[in-house]
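Structure record follows, encoded as structure tokens.
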Amino acid sequence: MIAYDELEKKWQKAWADSNAFEPEPSDKPGMLITFAFPYVNSPMHAGHMKTYSLTDSYARYMRMRGYNVLLPMGFHMTGTPILGMAKRLAANDAELIDDFIKVYAVPKEEIAKMGDPLYLAKYFAVDTEAGMKEAGLGIDWRRKFTTIDPQFSKFIEWQFGKLNKLGFLTQGTHPVGWCTTDNSAVGGHDTKGDIQPKIEEMIAIKFKDTQSDVYFPCGTYRPETIYGVTNLFVNDKTTYAIVSIGKYQCYLSKEAVGMLSNQIKVDVTGEIQGSELLKRKAVNPVTKEEVPVLPGFFVKPDVGTGIVMSVPAHAPFDYAALERLKASGYPVPSMEYKKVIDLDGKAGAIGKSIDPSMLSGAKGKVEHPEIPALAYLELMNANANAMDDVIERATKAIYKEESRYGVMAAGKYSGKPEAEARELIKKDLIGANEAIAIYIIANEEPVYCRCGTRVIVKVVSDQWFINYGDKKWKEKVRKSLPKTRILPEKLRPTFEYLVDWLDLRATERAHGLGTPFPLNPSHIIESLSDSTIYMIFYTFSDILNSNKVSAEQLKPEFFDYVICSQGDGGKVASSTGIDLSIIQKCKESFEYWYANTSNHSGADLTNNHFIMYLFNHVAVLDEKYHPKQIVPNGLLLYEGQKMSKSIGNTMPIRSLIVKYGADPIRFSSVATADLDTETNFEESTINSVKQKNEFIEETIERLDEMLAAELVHIDYWLYSKLNSKIQKATAALDTISFRSAYNEIYYNTMTELKWYFERGGSNEMVVRELLEKFTLMLGPAMPHVAEEFWHMLGKSTLVAKEKWPTPDKSMTGGTVEVVEDTIRKTMDDIDAVMELTARMPANKGKSASLIRIIIADDWKTEAYNALAEKKNISKALAELKDANKETASKFLSQFASKIMTLEKIEPVRCDEMAKAFSQAISYISKRYKTSIAVEKESESKSQRASRAVPGKPSIEVVW
RNA sequence: GCAGGGGUGGCAGAGCCUGGCCAAAUGCGACGGGCUUAGGACCCGUUCCCUUUAGUGGGUGCGAGAGUUCAAAUCUCUCCCCCUGCACCA
């Protein structure tokens with residue numbers, strides 16, 4: 001049994017004692033490998049481990065490949081979540097406290113102090129650092145910092161000064177989710193149930209009241225249906241406000257006033273009952289038709305404007321409302337349900353492109369194609385009296401199908417695809433002041449702030465943005481991107497797309513921990529914006545610390561000089577009071593480490609962190625220091641499920657390490673998936689890894705029992721496997737394909753070693769060499785176990801500081817593996833023959849006495865390859881010099897049917913094959929409990945001899 | 001809706017770029033056997049269907065359909081479905 005806990009402590013101490021992970025600039029090529037620093041509002045859990053162990057393993061690998069690798073770490077404390085959590089703890093939020101105790105295992109007395117956000121952050125920073133050490137991450141802790149350290153803030157201020165000078169900071173308006181009670185922006189983690197508020201733009205089309213100068217603004221997503229409007233719907237049981245918006249008077253539900261007043265200037269000048277509005281008529285701004293105002297059962301005062309336009313031909317709710325009104329005896333004026341959108345001929349019938357599951361599986365008959373809204377209800381075997389959820393589904397179906405295949409059948413865009421017409425009409429209406437754009441929270445259910453207030457949309461003015469939409473900036477990034485290696489490379493199209501997509505990004509917030517925003521110091525710099533080029537800070541943070549450089553001394557000219565080579569070192573020294581030698585040291589360190597970088601993070605950060613990382617580097621740094629490599633990795637599943645607190649499977653990493661050991665966890669989160677796939681973390685994987693480790697341990701212990709002897713075929717085979725393994729694994733690791741690499745290094749080695757022993761292999765020298773190189777290659781993924789094995793193998797050095805093995809190419813390729821494959825396949829054939837012959841009546845009750853294995857003559861191999869090349873029997877025959885043409889042509893005709901697919905085989909001499917088989921006699925004989933004879937075709941007297949084929953010896957079983 | 005990534009055997013997951021050695025690696029599961037007091041672990045074999053008394057032969061098959069080719073999981077087109085992201089939030 002391997003005692004993982006003891007072993008981990010032992011080797012972690014050995015690494016620390018030898019400063020294995022505290023590199024300094026040197027003559028060796030340097031590499032700065034960074035991973036997204038953790039946001040410390042909770043402990044590190046298994047999900048983090050994927051990125052961390054992957055990155056550490058890569059760092060260890062590159063170190064063994066001869067790079068001087070720096071792997072630093074810091075802690076992210078910027079922003080609101082830490083604040084929010086502290087606030088909830090201070091307010092004794094029972095649910096959260098429960099999570100802290102049960103899931104995070106935080107002691108009660110600590111929770112009591114966590115009402116202080118700084119205390120909370122520091123607690124989890126300490127906890128996370130301890131966890132990382134326990135996981136064996138090879139981090140240079142001398143460089144640690146947090147994003148609220150005053151020195152780091154100076155660095156961030158400098159960066160924003162740069163961006164400002166470059167003209168990349170702009171001010172403007174911006175829609176955000178908003179809580180009117182807290183008076184602050186609301187993101188996903190600020191809401192009840194962690195719902196991300198979805199902000200959508202809607203259009204409100206103004207219909208003028210015929211009796212006054214007041215307008216009915218009708219909220220809609222489908223302005224193109226304006227041609228089919230028959231009436232308006234209001235909620236007759238609610239009260240509407242009369243408001244002025246700009247120079248227009250409008251009706252708005254009272255709820256809408258509250259929601260919209262945070263977006264546009266709305267002044268309430270009066271109010272009117274919904275029932276009163278029913279007496280009015282309104283003018284369609286496009287068709288100029290006068291339409292009545294009717295009561296709509298489904299009109300919700302808190303959605304949109306509280307007024308909708310009715311298009312019964314295309315909107316199932318409108319259709320249902322009108323039909324029900326008529327049925328109730330309400331005086332509905334006669335009207336035409338005008339169809340204004342046709343389905344494109346290609347799409348065929350209504351409902352054809354809709355998946356039945358979208359319609360609850362029902363497939364009713366369409367009786368009224370001339371009224372699509374009804375037709376989609378009919379598809380679901382429903383009508384105007386359907387339940388709301390059925391109408392809802394019909395609405396989605398018609399929206400989907402018409403958006404995709406619809407063609408305008410009315411109005412000035414007649415003949416155009418609906419989707420296109422929608423945008424054109426929207427633009428027309430807004431341009432003509434006949435509609436306004438409004439924002440709504442588009443979630444299906446209302447979203448509430450944690451304080452209980454419903455979240456609305458606010459359009460923030462005077463908001464500062466980083467203008468990632470800047471054309472020149474984008475151009476620079478586009479030029480730089482091809483020089484950045486992206487792993488996995490298939491993500492490149494995503495990055496190319498994101499470079500175009502990235503636009504204005506709000507960069508300051510009213511609340512949270514962090515660095516004050518220089519252009520508005522009452523706000524702080526938003527948390528992702530301060531984490532774009534922070535890796536630079538690692539390259540000299542240790543120098544600043546050890547020389548006690550204060551924040552005040554870190555004036556912009558310091559960073560200008562150190563990072564951008566601007567200005568004069570002497571002058572910087574005198575203006576900042578920092579020793580010139582220290583400044584120079586910082587500069588050299590930056591230039592050394594930043595020449596070669598690799599930035600790693602979960603793929604979930606692709607469209608924010610990674611893309612901003614690229615932009616900000618390109619903006620601030622000289623081309624020499626632009627990103628060299630970025631590595632987004634897939635996430636981690638726990639027993640096949642996403643990790644989430646609600647499922648209760650967010651396991652803090654420290655307790656997992658206690659339970660399973662660091663290396664098995666590292667290995668199963670790293671070596672079971674390549675970059676682009678999600679890792680499935682399973683207990684069964686961990687157990688099997690532990691068992692395999694024990695097999696290796698036992699094999700090392702058994703080395704003493706093995707002998708030094710002359711090398712035979714199976715030894716060469718193992719050598720060949722070993723060396724090709726090194727080659728394959730190295731190639732895979734160069735693209736961070738850990739799964740492929742460790743399939744080779746780990747799992748295949750197990751299989752091969754077992755086969756080697758099975759086949760009677762027991763050469764001490766061969767096995768020892770295999771184990772040594774195996775152990776070295778195990779180093780990156782299972783560092784502690786590798787050190788232990790290395791030690792058991794009698795070594796006194798550290799794997800962490802050793803060189804990665806190089807393949808001995810003279811030992812690979814050739815014919816050894818082909819020969820061994822032939823032996824294996826031959827045994828399969830023997831199995832088959834034994835089974836078949838055993839059933840023959842003559843052999844009943846007997847057992848086989850001898851198995852003859854007859855190896856094909858060399859001329860057959862030549863003939864076979866000639867045929868594979870020429871794809872023609874007579875041409876192949878012409879190639880053969882010494883063979884008996886008649887026999888040869890007979891032989892070749894066997895393959896006539898496969899002639900096109902025939903491929904050349906590795907030629908193995910008959911002598912060599914026969915020798916390998918001879919060496920395997922004892923193994924084969926033991927397996928079949930018979931005598932074995934190995935013969936060459938030319939020397940064999942067996943009548944089956946001529947059946948021997950290259951790579952497929954003839955078999956004769958004698959009973 | 002827009003964009004990106006996918007759809008492979010009971011499950012997970014390779015292969016697809018560079019078409020043929022692919023009934024498709026590997027792992028798990030299941031079944032049969034060995035080992036064992038028993039279980040676990042371990043070892044051997046089987047695991048799409050049919051067929052086979054000398055080491056097979058045939059059918060079906062990689063989301064659906066069509067195409068290119070002597071040959072398609074792999075290339076082209078169309079369609080269906082799934083996942084992720086769509087921002088100011090870590």
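Below, chain A is the first sequence line, B the second, and so on; all start at residue 1. Hydrogens, waters and symmetry mates are skipped; everything else that's a heavy atom, side chains included, is used.
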In whole Å, what is the span from the [atom1] atom of [X] to the [atom2] atom of [N]?
X: A:Asn520; N: B:C88; atom1: CG; atom2: P; value: 19 Å
X: A:Met827; N: B:A54; atom1: CE; atom2: P; value: 22 Å
X: A:Gln943; N: B:A54; atom1: CD; atom2: C1'; value: 11 Å
X: A:Ile854; N: B:G55; atom1: CD1; atom2: C1'; value: 13 Å
X: A:Gln463; N: B:C88; atom1: CD; atom2: P; value: 10 Å
X: A:Leu605; N: B:C88; atom1: CG; atom2: P; value: 15 Å

Run the numbers on A:Glu423 and A:Glu224 for side chain to side chain contact (heavy atoms under 4.5 Å, CB included), then give the verdict.
-> CA-CA 8 Å; A:Glu423 291 309 310; A:Glu224 71 283 5; over 6 Å; no
Taking the nucleotide of RNA chain B with the closest heavy atom to each, which residue, A:Ile830 or A:Ile199, is nearer the 5' end?
-> A:Ile830
Whichever of A:Pro197 and A:Val833 has the more 5' nearest nucleotide on RNA chain B, that residue is A:Val833
Mind checking who [N] pairs with, Watson-Crick or G-U wobble, both distances under 3.5 Å?
N: B:C79; value: B:G63
N: B:G85; value: B:C2
N: B:C17; value: none
N: B:A23; value: none
N: B:G29; value: B:U47

Output all residues satisfying ring pair (Phe, Tyr, Trp, His ring centres under 6.0 Å) with [X], sequence neighbours left out; order by chain, then residue number.
X: A:Phe495; result: none
X: A:Phe37; result: A:His76, A:Tyr534
X: A:Tyr923; result: A:Trp755
X: A:Phe615; result: A:Tyr468, A:Trp473

What nitrogen or oxygen pairs link the protein and nucleotides 3-5 of chain B at under 3.5 Å?
unit_1, atom_1, unit_2, atom_2, d
B:G4, O2', A:Thr494, OG1, 2.7

Using the [atom1] atom as the reference point in each nucleotide, state the distance between [N] and [M] in Å, no decimals.
N: B:G39; M: B:G32; atom1: P; value: 13 Å
N: B:A38; M: B:G33; atom1: P; value: 14 Å
N: B:C81; M: B:A23; atom1: P; value: 32 Å
N: B:A12; M: B:U60; atom1: C1'; value: 24 Å
N: B:U26; M: B:G13; atom1: C1'; value: 8 Å
N: B:G4; M: B:C22; atom1: C1'; value: 30 Å
N: B:A72; M: B:C86; atom1: P; value: 42 Å
N: B:G1; M: B:G9; atom1: P; value: 27 Å

Base, sugar-phosphate, or nothing: which does [X] touch, judged by heavy atoms less than 4.0 Å apart?
X: A:His174; answer: base
X: A:Leu528; answer: base
X: A:Pro953; answer: base
X: A:Glu956; answer: base
X: A:Asp503; answer: base
X: A:Thr507; answer: nothing

Choosing from [options], which nucleotide comes nearest the side chain of [X]?
X: A:Gln691; options: B:G85, B:C43, B:A41; answer: B:A41
X: A:Glu526; options: B:C88, B:A54, B:A87; answer: B:C88
X: A:Arg947; options: B:C88, B:A54, B:C86; answer: B:A54
X: A:Trp501; options: B:C88, B:C42, B:A87; answer: B:A87
X: A:Lys754; options: B:C42, B:C88, B:G55; answer: B:C42

Between the protein and nucleotides 32-36 of chain B, list every N/O to N/O distance that falls short of 3.5 Å.
none

Is there a donor-acceptor pair closer than 3.5 Å between any side-chain N or O of A:Thr128 and the backbone N or O of A:Pro43?
-> no
Looking only at atom types and distance, does a side-chain atom of A:Thr147 sit under 3.5 Å from a main-chain N or O of A:Thr78, one as donor and one as acceptor?
-> yes
With sequence neighbours left out, write down each residue that passes salt bridge (charged side-chain N to carboxylate O under 4.0 Å, His left out) with A:Lys728, or none if nothing qualifies.
-> A:Glu744
What residues form a salt bridge (charged side-chain N to carboxylate O under 4.0 Å, His left out) with A:Arg702, not counting sequence neighbours?
-> none
Within-4.5 Å side-chain heavy-atom neighbours: A:Lys87 and A:Ile82 | no
Would you say the side chain of A:Ile924 lies within less than 4.5 Å of the side chain of A:Met827, judging by non-hydrogen atoms?
-> yes
Give every pair of a protein N or O atom and an N or O atom of nucleotides 25-27 of chain B that lie under 3.5 Å apart, one pair per line with the distance.
none

For A:Lys426, enumerate each residue passing the side-chain hydrogen bond (donor to acceptor under 3.5 Å, both in side chains) test, keeping only those at least two apart in sequence or located in another chain.
-> A:Glu201
Show me the donor-acceptor pairs, under 3.5 Å and distance only, between side chains in residues 601-612 of chain A and residues at least two apart or in other chains.
unit_1, atom_1, unit_2, atom_2, d
A:Thr606, OG1, A:Ala603, O, 2.5
A:His609, ND1, A:Ser531, O, 3.3
A:His609, NE2, A:Asn599, ND2, 3.3

Keeping to residues at least two apart or across chains, list the salt bridge (Lys or Arg N to Asp or Glu O under 4.0 Å) pairs with something in residues 947-959 of chain A.
-> A:Asp829-A:Lys952, A:Arg852-A:Glu956
